[in-house]
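To start, the structure under review is shown below, and the notes come after it.
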4 protein chains.
Amino acid sequence: MMNEGKQKILEAARATIIEHGIQGTTLRGIAKKAGFSTGAIYHYYNSKEAILYDVMDEGLGEIRRIATVSIEDKKEAREIIQEIFDGMQDRLKKDAESRLQFYLAHEAMLGNVELQNKFKEKYEDWINRVEAIFVRAYGVERGPSTRAVAAWTMAAIDGMVLQTLLNVQVVESEHTNRILEYLLQDGFTHFFKIIGNEQR
Amino acid sequence: MMNEGKQKILEAARATIIEHGIQGTTLRGIAKKAGFSTGAIYHYYNSKEAILYDVMDEGLGEIRRIATVSIEDKKEAREIIQEIFDGMQDRLKKDAESRLQFYLAHEAMLGNVELQNKFKEKYEDWINRVEAIFVRAYGVERGPSTRAVAAWTMAAIDGMVLQTLLNVQVVESEHTNRILEYLLQDGFTHFFKIIGNEQR
Amino acid sequence: MMNEGKQKILEAARATIIEHGIQGTTLRGIAKKAGFSTGAIYHYYNSKEAILYDVMDEGLGEIRRIATVSIEDKKEAREIIQEIFDGMQDRLKKDAESRLQFYLAHEAMLGNVELQNKFKEKYEDWINRVEAIFVRAYGVERGPSTRAVAAWTMAAIDGMVLQTLLNVQVVESEHTNRILEYLLQDGFTHFFKIIGNEQR
Amino acid sequence: MMNEGKQKILEAARATIIEHGIQGTTLRGIAKKAGFSTGAIYHYYNSKEAILYDVMDEGLGEIRRIATVSIEDKKEAREIIQEIFDGMQDRLKKDAESRLQFYLAHEAMLGNVELQNKFKEKYEDWINRVEAIFVRAYGVERGPSTRAVAAWTMAAIDGMVLQTLLNVQVVESEHTNRILEYLLQDGFTHFFKIIGNEQR
DNA sequence: GATGAATGAGTTTTCATTCAT
DNA sequence: AATGAATGAAAACTCATTCAT
C-alpha cells in the first residue's frame, strides 16, 4: 500500500538525516536505505522537500508522544514528580529523536513558517502539561507565573539535552540529576510559595 | 593585508549562513557578498570547509565575549545578579549571533569533533563563571552541586533562546523575565540552602 | 473490445497533445485521461510511439474527411465555388484539429518518413480535388499549371490557418474572407485565362 | 566575453533543434556541440528554457532580416516585383531557418504568449512591407483590402514553405514558380483592379 | 485482463574547485 | 593578486517500460 512505502521512506530519511545531517541527506541515500530505486521514491513523494517535510511532521509528532505524563492522571504529587523526572531522564537519553528535533529547529529558524507553527503548537502543548502538573502537584493557582515557570522548565530541559548532544560533559549526569530531583521535590515548592506571595 | 580579506570573507560567510543556513551557503554567494570574485576567495582560504571552520571559531569566540560578568569583579551580590540578568536579557535579544550558535551546534552534533571540543571549552568557561558568581553572591561552597546548578542555569538560558529563535511566544517575556529575577534574588538563595544541607 | 480501449486511448492522447504538445505528453497523462492504469495501456499498445503513430494516422485521416467537396459532384460552378469557400472557412475554425495537424507536420519535418508519406498522400488527394474543381468550375484544361495553382491554393489556406493558430490577427477575418470570395469568383477566372494563353 | 559564449551556445542550440527537434535537444547535446562542459552552460544561461527562449528570439529576429525588400526603395514596379519573387524563392530554400520557424510556431501554439506576440510583430512588419510594395507597384490605394491581400500572400508563402519542408513534392517547383511570377506580374494587377472597383 | 508499484537510464541542475589570462 | 570562465562529479528529478499480484 501507499502508506507502507511512505513509512519506509520516512524511516530511511529520518535515519539518514540523523546520521548525515540534512545537508548530507541525498535522495539516493534515502532510496538505498529504504531498499528502493531512486525513481520509486517519486511514487510516494513529489520532491525531496516533501519527504523532509513529512519527516519534520512526524518528528514533531513523536515529541508529543514523548510527553507521557497525562494531564488527567489522578496521582499523588510525589508520584507525578517522579514521572516528570523519569520523562526528562528519558528524553535526555533518546539521542536520535532529540537530534532530529534540533535539526528541525534549525530548519524552522531558517524561516520555515509552517514548521515554526508546529514548534509553537508542540511547546504550547508541553508547557500546558507541565503547568497542569505544577498546579496539581504544588497546589499553586494557574496564572501567567505558573506558565512562565513551565516555559523555563521546558527551556532548561531543552538546554540540557543540547549540552548532552554536544557531548559537553562539563558535569557528571549524576549531579545534574540530583539537582533536578531536589528542584522537583523542594525547589518548586518553595519557589511557588515565593511567587504566590509576590503575586498578591 | 591578508587578514582584511579574511575578515570580509568571514563576515560575508556568517551573514550568508544566518540568512540561508549552512546548506544554502555557497562559495559563490559568500564571494559575491564579500565583494570578491570566486577565484579570489582561494587566495585567503583553501576550501569552503576552511571558511566554515573559521566562522565557527569566531562564532564561538563571540559567545565568550558575551559573558561580560568577570570572575574577578568585586561587586555586591545584588549587583552581580543584576549583571547576570542583564547579560541573559542581552543574549536573548542577539538573534543573529544566537542563530549562528545553533547552526554551529547543529554541525557539532553531526560529529564535528573539533567543533564539539570548542563547544565544551565554551561551556566550561561559562559554567565556571556562573559557578564563581554563585559562590560569591550566595555564599555557597564550590562543589559538584554548584557546578550542576550552573550547568542547569546555562541550559535554561539556551533553551529560552531557542524558544525565542523559534518564534514560540507561549509566554510573554514580561513574565519569563520576572521569574528569572525572582530566581536570581530569592530562588537560588533558598535553593543553595537546601542543597547545602542535603550535601552533608 | 480491443478497439474501444484503443479509441479511448487515442482520444486521450490527441487531447493531451493538443493541450501540452508532443513533448508534454506522457504515457501517465494519457492513461489518466483515458481512465486506464498505466499498465493497462500496454494491453492495447506496445509503446508510446505506437500510440503517437495512430494519433497521426487518425489525425491525417480526419483532414481527408474535411475535404467535403467531392470530385464526382455534378454541380454548377458557382455552387462548387461556394462549397470550397465554406470548406475553407470550416477549416479555419477547427482549431483543435488544425493544431494537431501542425504538431504532426512538426514531427514529420523531424524526419519521420512514414508521416511524411502520409502528408504527401493527403496533399496529393486534396490538391487533386481542388484541381478537379478548378477544371470544372473555370473550364480550364488540366495541366501542370492547374496543379500548381491548386498547390498554391492549399498553401494559402494552410498559411492562413497558421496565422489564425498563432493568434496573429493582423487583418480582420471579414476582409480576408472577402478577398477569398473575390478570388474564387473573379480572380481565378481571369487568372486561368492568362495562364491558358501563356501556356500555348 | 560573455556574449561570445552565449553566441556559441545559441548556435549549438539552434543546430541541435534543427537536427533533433526541440524534444530531442538536451543540454548535454548543446554543450557538446558548443564545445563546453555541461556545467559551463550555466555560466551563460540559468536554465534550458532560457536558452530556448533566446533561440526563439534570435530565430524570429532573423526572419525580419530576411525581408530584404525595403519599403523606402525607389524602384520600378517591375524591379520590385522581381525582388519579391527572389525573396520568396530565397525563403523557400532556407530550409534550416524555416524549419526553426515552424518549431517556434509550434511552441507559440502551445500557449507561449510572449512568443505569440513576437510572431504577431513579425507578421505585422512583413505584411506592412508587402502592402507598401503593392501600393507602389500596382498603384492601388492602401486600405483593408490591400492589407488582406498582403496577409494572404504571406500565408501562401508560409504554406508553400510548409509543403517544401514536408517533402510534399506534389508539383515541380518549376511550375509553382511560374505561377508565382504570373501572379506578381499580371495577377495582382488585375486583381487590384477588381477589388478597387468593388470597393467603391 | 488489469493494476500500480518498481525500475533505471537519462535529463536538468548545482557547486566546489581549478586555471589561463 | 585577481578574475571569472570552465570543469566534472554528483545531485534532484522524469518517464517509458516491466512485472508480481
Side-chain angles (χ1 to χ4, degrees), chain A residues 1-6 8-9 23-32 34-52, chain B residues 1-2 4-5 23-32 34-52, chain C residues 1-2 4-5 23-32 34-52, chain D residues 1-6 8-9 23-32 34-52:
Chain A
M1 206 175 62
M2 198 71 172
N3 282 340
E4 213 175 304
K6 274 195 166 189
K8 262 196 216 163
I9 291 169
Q23 328 182 41
T25 296
T26 68
L27 262 202
R28 243 194 210 73
I30 294 174
K32 196 174 180 182
F36 282 115
S37 66
T38 23
I41 299 289
Y42 285 84
H43 272 286
Y44 301 100
Y45 286 101
N46 290 324
S47 68
K48 187 191 177 185
E49 210 186 319
I51 298 175
L52 294 183
Chain B
M1 205 174 67
M2 197 72 170
E4 208 178 309
Q23 328 182 41
T25 296
T26 68
L27 255 206
R28 244 183 202 66
I30 295 174
K32 195 173 179 184
F36 283 112
S37 67
T38 20
I41 298 286
Y42 282 82
H43 282 288
Y44 301 101
Y45 284 102
N46 292 321
S47 70
K48 186 192 179 187
E49 210 185 326
I51 298 174
L52 294 183
Chain C
M1 204 174 68
M2 198 69 171
E4 206 177 313
Q23 332 181 37
T25 296
T26 68
L27 254 205
R28 246 185 200 65
I30 295 174
K32 196 173 179 184
F36 283 111
S37 66
T38 20
I41 298 286
Y42 282 82
H43 282 288
Y44 300 100
Y45 284 102
N46 291 322
S47 69
K48 187 192 177 185
E49 211 185 325
I51 297 174
L52 293 183
Chain D
M1 208 175 61
M2 198 69 172
N3 281 341
E4 212 176 303
K6 273 196 165 187
K8 263 196 216 165
I9 292 169
Q23 329 184 38
T25 297
T26 68
L27 262 201
R28 241 193 212 73
I30 294 173
K32 196 173 178 181
F36 283 116
S37 66
T38 24
I41 300 288
Y42 284 83
H43 272 287
Y44 302 98
Y45 286 102
N46 291 322
S47 68
K48 187 191 178 185
E49 210 185 320
I51 298 174
L52 295 182

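So you know, we letter chains A, B, ... as the sequences are listed, proteins then strands, and number each from 1.
To the nearest 0.5 Å, atom OG of residue D/Ser37 and atom CZ of residue D/Arg28 are 11.5 Å apart. Taking NZ of A/Lys48 as the start and CD1 of A/Ile41 as the end, the distance is 12.0 Å to the nearest 0.5 Å.
Side-chain contact between D/Leu27 and D/Tyr45: absent, with no pair of heavy atoms (C-beta onward) separated by less than 4.5 Å. At a threshold of 4.5 Å between non-hydrogen side-chain atoms, the residues D/Ile51 and D/Thr25 do not count as touching. Between A/Lys6 and A/Asn3 there is a side-chain heavy-atom pair separated by less than 4.5 Å.
A sub-4.0 Å separation between OP1 or OP2 of F/dT3 and a side-chain N or O of B/Ser37 is present. The phosphate of F/dC13 (OP1 or OP2) has no side-chain N or O of A/Tyr45 nearer than 4.0 angstrom.
A search for ring-ring contact (aromatic ring centres under 6.0 Å, His included) contacts involving B/Phe36 returns B/Tyr44, not counting sequence neighbours.
E/dG10 atom C1' lies 15 Å from atom NZ of D/Lys32, rounded to whole Å. Rounded to whole Å, atom P of F/dA11 lies 12 Å from atom CD1 of A/Ile30. Atom CZ in A/Phe36 sits roughly 17 Å away from atom P in F/dC13 (whole-Å rounding). Per the geometry, NZ belonging to A/Lys6 stands 13 Å off P belonging to E/dA6, to the nearest Å. The OH-P distance, from D/Tyr44 to F/dG4, rounds to 12 Å in whole Å. When rounded to the nearest whole Å, the span between CD1 of A/Ile41 and P of F/dC15 equals 18 Å. Taking atom CD1 of residue D/Ile9 and atom C1' of nucleotide F/dA6, one finds them 11 Å apart after rounding to whole Å.
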Go along nucleotides 13-21 of chain E 5' to 3' and tag each nucleotide: B for a protein heavy atom under 4.0 Å from its base, S when only backbone or sugar atoms are that close, - otherwise. BBBBBB---
Trace of the side-chain contact (heavy atoms from CB on, under 4.5 Å) decision for D/Leu52 with D/Glu49: CA-CA 5 Å; D/Leu52 295 182; D/Glu49 210 185 320; 5.7 Å; no
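Taking a pair as Watson-Crick or G-U wobble with both distances under 3.5 Å, DNA chain F forms stems of 3 or more consecutive pairs at E:2-21 with F:2-21.
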